[in-house]
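The structure appears below as structure tokens.
Hydrogens, waters and symmetry mates play no part in the numbers below; they use all other heavy atoms, side chains included. The first residue in the sequence is number 1, and the count goes up from there.
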Amino acid sequence: MPRLFLKKKEEVLGEYYLRRKSRIFVGSKKGNDILIKDGNISDHHCTISFKEGTYVLKDQNTITGTKLNGKTVSEATLEVGDVVGIGQYDLVMAPDTAVDAPEYYLIGIFGKFSGKKFSVKMGDTFIGREPNSPRGIENDIVLTGDMTASKGHAKISLNNRQFFVTDVGSTGGVAVNGQKVGQLNSMLIEPGDEISIGRTIFRFVSSKDEDYSLPSKQRIFLLKILKPLALLLTMAVLGGSLFLMWTGWSGVSLLTKSKKLTLALNSEFRKDIPLRNFDEYDITSTPAVGDLAGGRKGNSIAMLTAAGFLYGWDAKTGAALWRQIEIFNSGKTSPVIADVNNDGIEDIIVLSDSSMLYVVDGQSGNLIMKEILGGVVSEMTPLVADLTANGKLDVVVCSEDGAVHFLYDVGYGGSGFEKYTEFVEGPIYASPVLYQSKDIAPMVVVANYASKVFFIDGKSRTKKTVDLVAKTGKTHLIAGAPAIGDITGDGVPEVIVQSNVPQYISAIDVTKFDVMWTYFVEPTPPAGLMHNASPLVADLDGNGAGDVFAVSANGSILGLRGKTGYPAGELLWKLFVPEGKRIISSPAMCDFDKDGMMDFVVAAEDGRVMVIKSNHKRKEFEVLAEIRASNNPITSSPVIADLFGTGVLNILFANSTDALQVIDTNSKIMKNFNPWPMFLGNPSHTGFEGFGAYKSQYRNKLLIGIGILVLFLVVRIRISVKKSSKRVKVQFL
């Protein structure tokens, strides 16, 4: 049975094999077997019927009529080789196969006319941009819209059973397999050859082998790698979209799978270093968690003991990373882990009783630098942060006598190291913290034991002072590090300080350097305890703004409203630790139950570790979980980390005998995510923002949405590309 080709000039628009139907409808309305999208064609223009072994063409009383071999007919018999004219289109009836007499085509394989198919005549086939060349010759193949093609560009001729391509005087030229033909010159072509005309590369093919693959014979490197490059890029984007969806779905599933928090003492990991006189104790060094192993994956632990040794362990195996390093410290300052020399390996920054700053390579235990500072610095933790925005970390250390030491670019030795000391009024017992905001230059916040808070710009070295006695009329003997956080909801953090004797909590507006409110806690803490724990800033009442979470040395836990109109502050709710045991160390926080609000870990004098939740609906603190984790007082702050790389959070702490212990929880999180890896949460001491891999459902759903959008766009682009280079449709009718 024959075939029908739908053509416009020599462009093949469709190919139809006549097989099943006894009647075929041709027209411009949807539903026709052969659809011609042209307003000049009637809805139902003509039919081709199979009757008694012959095909009969019949016009459907159209205005423009139907032609057979150039003559208008109302009804006629069709034979192989006949051409049916319908407006500007032709339906050519051809034999079922072309094995004995193959047909020849130009098919676009790259560029503007990619996917198009044009018939090559058994004579001369003229090619150009316009219907007619400047010499008046009608072009058979019209490259409409390609301004790089000339009006009369090329000609393909059959001569002695061989095909030749001729450049008929084009501006841009003609090339065969990357070789220029030259104006008015001809070149022999064979099936499979690639011909460049204008912005399109065509392949000359016979009906026996219609190859639509990308060009392979051009001398253009990009074309050779285009297909694998496009595939690689598509796979990368698809992989990225799937990763986003997986990450978002993981977060959603974690947030929706609510489990009761459980705590269990880990019996496999314990480090005992019983060298302290534990009858007398105060706040002690907090261990720090980081990747000290360099190329090896997993978390490592650094700890400074009261015997004056710095230790490093692999959390998974418990093995020592290096031989302990003698630091000469009584064990009250905590180590900070940060990559100070930008070599990809985290380092340890720690202070000694001899007023010495040590920077130790975390992988090898080798000393990177040692610097004498002056004054008593051993009871405060150094601040590590980029104060000058040069991409290099700086260190700030306070001494008791009021010297604030700035050490710039500490990881770069003599090539960039600079030391500067700013003197403020002492004594100082509180560790320095960093204040940073998008509209305010980074400042170091130093609180002293004489009711003053100093704000020092680490770059310009300017200083501002807030005198709490002058502002509030109340004495603030501050021994705990200030907290930084936005308690007004305006995007600008405030500073929260907690005094020792008597116990006050005050909020400082940094934009005005004024006190917003001062809350009275109690007259005096238990005797002999100077180092108050630091407060924290987090949303307690569910209004989206920060509030203040604080612990008192008498065992009480307080929640204070951050944004309040009361100068005396406003208590949200309060909780007493049973048995009235003291809380010595600073609390830590993390969203254990994945409800988008922080939970708090506090450790008591009786060895108890509790996870506290602020239930804003019931307006109270509640204990999510608790465990008697130590037989001795817990004197370090808790550390919260995925210690073993299992995707489950652990709580790490040290007690008054320097015993290091781990509590396992059932709170799942992203692997190796450490929400509170060291004292005050992170190396730069920046407050509460950013803790919690799954802070809210919105973030996870946004990730899923972005992943789906990227996936949709990739598929849509691929479909568009395929449509733009769509091959001639072949149908069986």
### With Gln731 via side-chain contact (heavy atoms from CB on, under 4.5 Å) - residues at least two apart
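In terms of side-chain contact (heavy atoms from CB on, under 4.5 Å), with neighbours along the sequence ignored, Gln731 is linked to Tyr16, Lys729, Leu733.
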Any side-chain heavy atom of [X] sitting closer than 4.5 Å to one from [Y]?
| X | Y | value |
| --- | --- | --- |
| Asp209 | Pro191 | no |
| Thr62 | Cys46 | no |
| Phe592 | Ile640 | yes |
| Ser119 | Lys7 | yes |
| Leu4 | Val84 | no |
| Lys37 | Leu35 | yes |
| Arg129 | Met147 | yes |
| Ile201 | Ile195 | no |

Identify the two heavy atoms, one from [X] and one from [Y], that lie closest to each other, and give their separation to 0.1 Å.
| X | Y | answer |
| --- | --- | --- |
| Val80 | Pro2 | CG2-CB, 4.4 Å |
| Lys121 | Asp124 | CD-O, 3.6 Å |
| Phe164 | Ile189 | N-CG1, 4.2 Å |
| Tyr105 | Val12 | CE2-CG2, 4.2 Å |
| Ala641 | Val289 | CB-CG1, 4.0 Å |
| Asn132 | Glu138 | OD1-CA, 3.4 Å |

Atom pair [atom1] ([X]) and [atom2] ([Y]), whose distance is rounded to the nearest 0.5 Å:
| X | Y | atom1 | atom2 | result |
| --- | --- | --- | --- | --- |
| Phe732 | Arg3 | CZ | CZ | 10.5 Å |
| His45 | Ile34 | NE2 | CD1 | 12.5 Å |
| Ile127 | Ile156 | CD1 | CD1 | 4.0 Å |
| Ile141 | Phe202 | CD1 | CZ | 7.0 Å |
| Ile41 | Ile63 | CD1 | CD1 | 12.0 Å |
| Ser49 | Lys21 | OG | NZ | 12.0 Å |

Donor-acceptor under 3.5 Å ([X] side chain, [Y] main chain):
| X | Y | value |
| --- | --- | --- |
| Asn32 | Asp43 | yes |
| Asp386 | Leu393 | no |
| Thr148 | Arg199 | yes |
| Asn139 | Gly152 | no |
| Gln88 | Lys8 | no |
| Asp167 | Val181 | no |
| Lys217 | Gly192 | yes |
| Asn177 | Glu194 | yes |
| Asp193 | Phe204 | no |
| Ser206 | Pro102 | no |

### Task
Measure up the Phe50 and Tyr55 rings against each other and bin them: parallel (under 30°), tilted (30 to 60°), perpendicular (over 60°).
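Judged by the thresholds at 30° and 60°, the geometry between Phe50 and Tyr55 is tilted.
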#### Entry: Aromatic plane relationship, Tyr104 with Phe163 - under 30° parallel, 30 to 60° tilted, over 60° perpendicular
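Ring orientation, 0 to 90° scale: tilted.
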### Query
Just checking, is any N or O donor in the side chain of Ser157 or Asn159 under 3.5 Å from an acceptor N or O on the other one?
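Asn159 and Ser157 do not have a side-chain donor-acceptor pair below 3.5 Å.
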### Task
Would you check, one step at a time, whether the test side-chain contact (heavy atoms from CB on, under 4.5 Å) holds for Asp409 with Asn390?
CA-CA 9 Å; Asp409 305 344; Asn390 66 349; 3.2 Å; yes
### Query
Would the number of heavy atoms belonging to other residues, nucleotides or ligands and lying under 6.0 Å from CE of Met122 be above 12?
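Count over threshold, so yes.
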### Message
Within the supplied structure, the quantity of interest is the number of heavy atoms (other residues, nucleotides, ligands) at a distance under 6.0 Å from Lys67 NZ; does it exceed 12?
### Response
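No, because the 6.0 Å sphere around NZ of Lys67 holds 12 heavy atoms or fewer from other groups.
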### Residue from Thr64, Thr66, Thr47 passing side-chain hydrogen bond (donor to acceptor under 3.5 Å, both in side chains) with Asp59
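Exactly one option meets the side-chain hydrogen bond (donor to acceptor under 3.5 Å, both in side chains) with Asp59, and it is Thr66.
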### Message
Let's go through Val142 and Lys9 carefully: what are the C-alpha distance in whole Å and the side-chain angles of both, what is the deciding distance for side-chain contact (heavy atoms from CB on, under 4.5 Å) to 0.1 Å, and is it a yes or a no?
### Response
CA-CA 8 Å; Val142 182; Lys9 287 202 169 185; 4.0 Å; yes
### Task
Applying side-chain contact (heavy atoms from CB on, under 4.5 Å), run through Ser133 and Val168 and close with a yes or a no.
CA-CA 10 Å; Ser133 71; Val168 298; over 6 Å; no
### Task
Take Leu292 and Glu346 through the side-chain contact (heavy atoms from CB on, under 4.5 Å) test and state the conclusion after the steps.
CA-CA 5 Å; Leu292 301 178; Glu346 292 190 315; 4.2 Å; yes
### Task
Applying salt bridge (charged side-chain N to carboxylate O under 4.0 Å, His left out) between Lys117 and each of Glu103, Glu11, Glu15, report the one that passes.
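By the salt bridge (charged side-chain N to carboxylate O under 4.0 Å, His left out) criterion, Lys117 pairs with just one of Glu103, Glu11, Glu15: Glu15.
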### Task
Kindly determine whether Ser213 and Asp211 satisfy side chain to side chain donor-acceptor pair (under 3.5 Å), including the steps that lead there.
CA-CA 6 Å; Ser213 64; Asp211 183 5; 2.8 Å; yes
